[in-house]
Amino acid sequence: MTVVFTDIKNDIAVITIDNPPVNALSHALRSELSNALEGINNNTKIIAAVIICAGRTFCAGADIKEFGKPPLSPTLPDLMEQMDEFEKPLIAAINGTALGGGFELALCCHHRVMDVNAKVGLPEVNLGLIPGAGGTQRLPRLIGLAHALQMITSGKPINAEKAKKLGISEKVSEHNLLEDAISFAKGADVRRIRDLKVDGSTEEVENFQNKIARRSRGFLAPFAALDALKASMELPFEEGIVFEREKFMELVSSSHSKAQRHLFFAERAATKVDGIDKTTPIRKINHVGVIGGGIMGCGIAINFLSAGMAVSLLEISNEAVAAAGEKIRNIYQSMVNKGRISEEQMQTAINQLNLITDYDGLSNSDLIIEAVFEDLNVKKEVFRKLDNIAKEGAIIATNTSFLDINEMANVTTRKSDILGLHFFSPAHIMPLLEIVKTDDTSNEVIATAFQLAKNIRKTPVLSGVCYGFIANRMSSCYGREAGLLLLEGATVEQVDQTMFDFGMPMGMFTMLDMAGIDIGVMARAKLPNGSYDERAFSIHAELVEKGHKGQKTGAGFYLYEGKEKKHNPEIDKIAEKMAHDFGISRCRKTTKEIEERCILALINEGYKILEEEIALSASDIDVVYAFAFGFPRYKGGPMHYAEHLGLKYVVDRINEFAVQYGDRWWKPSSLLVKRAKESE
Ligand code: T1G
């Protein structure tokens, strides 16, 4: 299939790239573009050329699927070099998102004309890479080091207005991009970015290193990008290009980049569900009802308000609903204060909010999400009421994070319209949305939920019904091992530091103190005896009994004095007493054991979830854990990490733990054992 077309308009050549879905710079595209450029260069009747892309976007980068395979010529750097030697003015006409290699290709053109809605960016760090086709050498020459540092280490694209301000593009096209690019080409000259000097200093790079240290902790790519940007100042252009390429080749075969590329495709694969495709009807969701004005209810409402939908938020009294309104307003005001949104955007969103105290106010809602207290009977009562007042075809959802949604659906007459939409706290920030289907949820309702997730910019993953679905069910196993390790002699700080060093945003006990230890204790109190390890959560229960619920009470697994977090000696005493009561011997725990107990517990439970078909795929589980709990993306998620460790090694370690600690929990999933054999 041909993907590059050349058309001559008077004395201007128009090269159209058409390689759906995102004009990725595959080998076929590179070869055909190289041939087209050569032809135009040798055609004396042509004075200039425009490169434009068909479809929704300019080239969105190198073809990620080609990474890890033997490079085919012309490679992207070959093509860039050819474009650098192009003798006629070359104009890039940019629509959609020119990203990575696509933006680097545009930087090899002599001028750039951008559609008013277009964006440009170098997001390679999100794939564990650095720009590998000249981006780290050309961008700082064009816009200065400071802006290049920001764009390349954050990976965030910028819009046409900002790109014009920075001098990336010389024209913003409001209406007809091709015409504007052709008319620009008529008067254009040959201007090579490679000939420019970098405006900046090496100190800037060092200062920037400190600035990104915290947010890029554990990642390789952002720091490799700093080295390449430093080289852009210290080395001549050609040597800088060689330096960049060496760094790129190191990264492309690294486990970090393999893991981050895995997550890139896993996130997209999670939206593909058997039985659901473009023909599956999707319901229109213009008006959303939210029941419960607590932290979760308000966060959920903000997602829909920010996406331009009307929201009715219901609470039991005028005081309570007014307080919820205030909470939402304060969250928006802090977004304005941080410059994330404009005053006007805040007002537009808040104007869509309707505060109510009567269920009848939800009778026209297309979707109703309940976020009331986590009690099955309370939720069933809400579902009964909604069944009476909701209009036909309305979707009714629960934000429960662990309760049985089938039981909620069974009290209604519209079971196929019921599902779980499980947001993570803070709901207006955390990217993951666990879509939980019951035994009866229709494909139409599931498809509508996936579309909705896209509209509110969430990363959706489908889960079946079980206690805690995918996310919290796995977390409870990690939490179990963390609790047992305290009884066996590890300290709170040791367990948290180990998991922090592993790459988690924080340790289990810091997370529990932040979320509130009482939430888990209350949830477990409703579980049948023996369904969880009481020993592992005995310290949690003791703390809550003493009124120590975490940060909100100034004491939990740590003591809190203002922002300061301190060791809580009470924990050591409780742990010793509980260990004695349960007959658990105590000794010094190694970091290796702590890490493996916590991570292998996650992995084993992941395989059980897969076995029970609660999750559709291992990569879905990776997306859940990376996007809900911040599992280090450069490790790809627990299931990808298990492959990295080697499944045989994982099974052997689990069996060793079974010998040491019993096989109540350390029984390898049969699917894991089977996969380990296959992998051998
Ligand atoms: N290579 C291969 N496939 C790609 C791709 C790419 N670069 N980008 C997207 N796809 C596939 C994607 O998997 C999906 O496939 C379909 O296209 C639609 O994507 C040398 C080293 C452009 C903003 O990091 O950010 O250049 O699931 O669902 O939501 O320096 O795709 O349908 O089978 O995401 O509209 C740098 C990656 C590469 C950009 C569109 N580029 N892409 O978002 O659609 S590295 C990137 C995106 C590089 C050079 C280096 C987004 C998008 P399928 P989609 P979307």
Side-chain angles (χ1 to χ4, degrees), residues 289-300 313-316 320 359 362 365 367-390 394-425 427 433-442 445-446 449 462-477 479-480 512 515-534 537 540-541 544 549 605 609 612 614-615 628:
V290 176
I291 305 176
I295 295 173
M296 288 308 288
C298 291
I300 292 169
L313 189 143
L314 181 135
E315 255 294 354
I316 48 174
Y359 269 78
L362 301 174
S365 300
L367 164 70
I368 304 167
I369 306 175
E370 70 75 22
V372 300
F373 185 64
E374 285 277 33
D375 178 280
L376 192 55
N377 295 327
V378 172
K379 291 192 186 273
K380 280 183 179 175
E381 199 39 44
V382 169
F383 271 67
R384 280 193 197 92
K385 280 192 190 142
L386 290 177
D387 194 29
N388 293 329
I389 58 104
I395 295 176
I396 301 177
T398 169
N399 178 54
T400 182
S401 50
F402 55 84
L403 293 172
D404 188 334
I405 308 175
N406 281 312
E407 287 215 33
M408 295 176 212
N410 292 343
V411 302
T412 74
T413 58
R414 51 177 92 201
K415 289 196 270 189
S416 61
D417 294 336
I418 311 284
L419 83 173
L421 291 178
H422 177 212
F423 293 80
F424 290 78
S425 183
L433 179 63
E434 220 172 11
I435 297 176
V436 186
K437 65 181 171 78
T438 68
D439 298 347
D440 304 289
T441 310
S442 70
V445 168
I446 295 171
L462 190 66
S463 171
V465 171
C466 67
Y467 184 82
F469 319 128
I470 300 172
N472 285 330
R473 175 172 162 180
M474 290 177 71
S475 245
S476 66
C477 301
R480 176 196 71 228
L512 287 171
I517 307 167
D518 51 326
I519 296 174
V521 169
M522 278 193 286
R524 280 185 294 275
K526 296 186 182 107
L527 286 176
N529 284 344
S531 65
Y532 70 98
D533 193 321
E534 280 119 38
F537 300 100
H540 309 54
V544 170
K549 301 175 179 172
E605 198 63 20
I609 285 172
E612 296 163 26
I614 297 291

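Remember, predicted model here, so these are calculated numbers, not experimental data. Just so you know, residue 1 is the first one in the sequence shown, and it goes up from there. Values below: every heavy atom of this structure, side chains too, minus hydrogens, waters and symmetry copies.
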In Å, rounded to the nearest 0.5 Å, how long is the span from CD1 of Ile368 to CG of Leu314?
9.5 Å
Test your reading of the model: is there a side-chain donor-acceptor pair from Asn399 to the backbone of Phe423, 3.5 Å cut-off?
yes
For Glu370, which residues count as a salt bridge (Lys or Arg N to Asp or Glu O under 4.0 Å) partner, sequence neighbours excluded?
Lys379
How far apart are the closest heavy atoms of Ala397 and Leu367, and which atoms are they?
CB-CD1, 4.3 Å
Under the 3.5 angstrom rule, does the side chain of Arg524 hit a backbone N or O of Ala541 as a donor-acceptor pair?
no
Would you say the side-chain atoms of Asp439 pair up with the backbone N or O of Asn406, donor to acceptor, closer than 3.5 Å?
no
Taking every non-hydrogen atom, the tightest pair across Ser365 and Ala394:
O-CB, 3.5 Å
Test side chain to side chain contact (heavy atoms under 4.5 Å, CB included) applied to Ile418 and Phe383, step by step:
CA-CA 10 Å; Ile418 311 284; Phe383 271 67; 3.5 Å; yes
Do Val544 and Phe537 come within less than 4.5 Å of each other through their side chains, counting heavy atoms only?
no
When rounded to the nearest 0.5 Å, the distance separating CD1 of Ile395 from OG of Ser416 is 10.0 Å
Please determine whether side chain to side chain contact (heavy atoms under 4.5 Å, CB included) holds for the pair Ile405 and Leu419, giving the CA-CA distance in whole Å, both sets of side-chain angles, and the decisive distance to 0.1 Å.
CA-CA 7 Å; Ile405 308 175; Leu419 83 173; over 6 Å; no
List the atom of Ala427, the atom of Gly299, and the distance in Å for their closest heavy-atom pair.
CB-C, 3.7 Å
Given side chains that start at C-beta, do those of Asp417 and Ile396 come closer than 4.5 Å, heavy atoms only?
no
Side-chain donor or acceptor of Glu315 paired with backbone N/O of Gly293 under 3.5 Å:
yes
Counting heavy atoms not belonging to Ile295, are there more than 12 under 6.0 Å from its CD1?
no
Return the minimal non-hydrogen interatomic distance between Leu362 and Gly289, and the atom names on each side.
CD2-CA, 3.6 Å
Holding to salt bridge (Lys or Arg N to Asp or Glu O under 4.0 Å), I want the full list of residues that pass it with Lys415, two or more places apart in sequence or in another chain.
none
So Met408 and Leu376, do their side chains get closer than 4.5 Å, heavy atoms only?
yes
Taken to the nearest 0.5 Å, the spacing of Ser476 OG from Leu527 CG works out to 9.0 Å
Distance in Å, Glu407 CD paired with Thr400 OG1, rounded so as to fall on 0.5 Å steps
11.5 Å
Which heavy-atom pair separates Phe469 from Ile609 by the least distance, and what is that distance?
O-CD1, 4.1 Å
Closest heavy-atom contact between Arg473 and Tyr467?
CB-O, 3.3 Å
Does any part of the side chain of Thr398, heavy atoms only, come nearer than 4.5 Å to the side chain of Ile369, both counted from C-beta?
no
Check for a donor-acceptor pair, side chain of Asn472 on one end and backbone N or O of Phe402 on the other, with a separation under 3.5 Å.
no
OG-CE distance between Ser401 and Met296, expressed to the nearest 0.5 angstrom
8.0 Å
Under 3.5 Å, side chain of Glu434 to main-chain N/O of Ala471, donor-acceptor pair present?
yes
Would Arg480 and Glu605 pass as an ion pair if we require N to O under 4.0 Å?
no
Taking atom NE2 of His422 and atom CD1 of Ile300, what is their separation to the nearest 0.5 Å?
9.0 Å
Where do Thr412 and Leu386 land on the side chain to side chain contact (heavy atoms under 4.5 Å, CB included) test, with the steps shown first?
CA-CA 8 Å; Thr412 74; Leu386 290 177; over 6 Å; no
Any heavy-atom pair between the side chains of Leu433 and Leu421 that's under 4.5 Å?
yes
For Lys526 and Asp375, what are the C-alpha separation, side-chain angles and deciding distance, and is it a side chain to side chain contact (heavy atoms under 4.5 Å, CB included)?
CA-CA 9 Å; Lys526 296 186 182 107; Asp375 178 280; 3.6 Å; yes
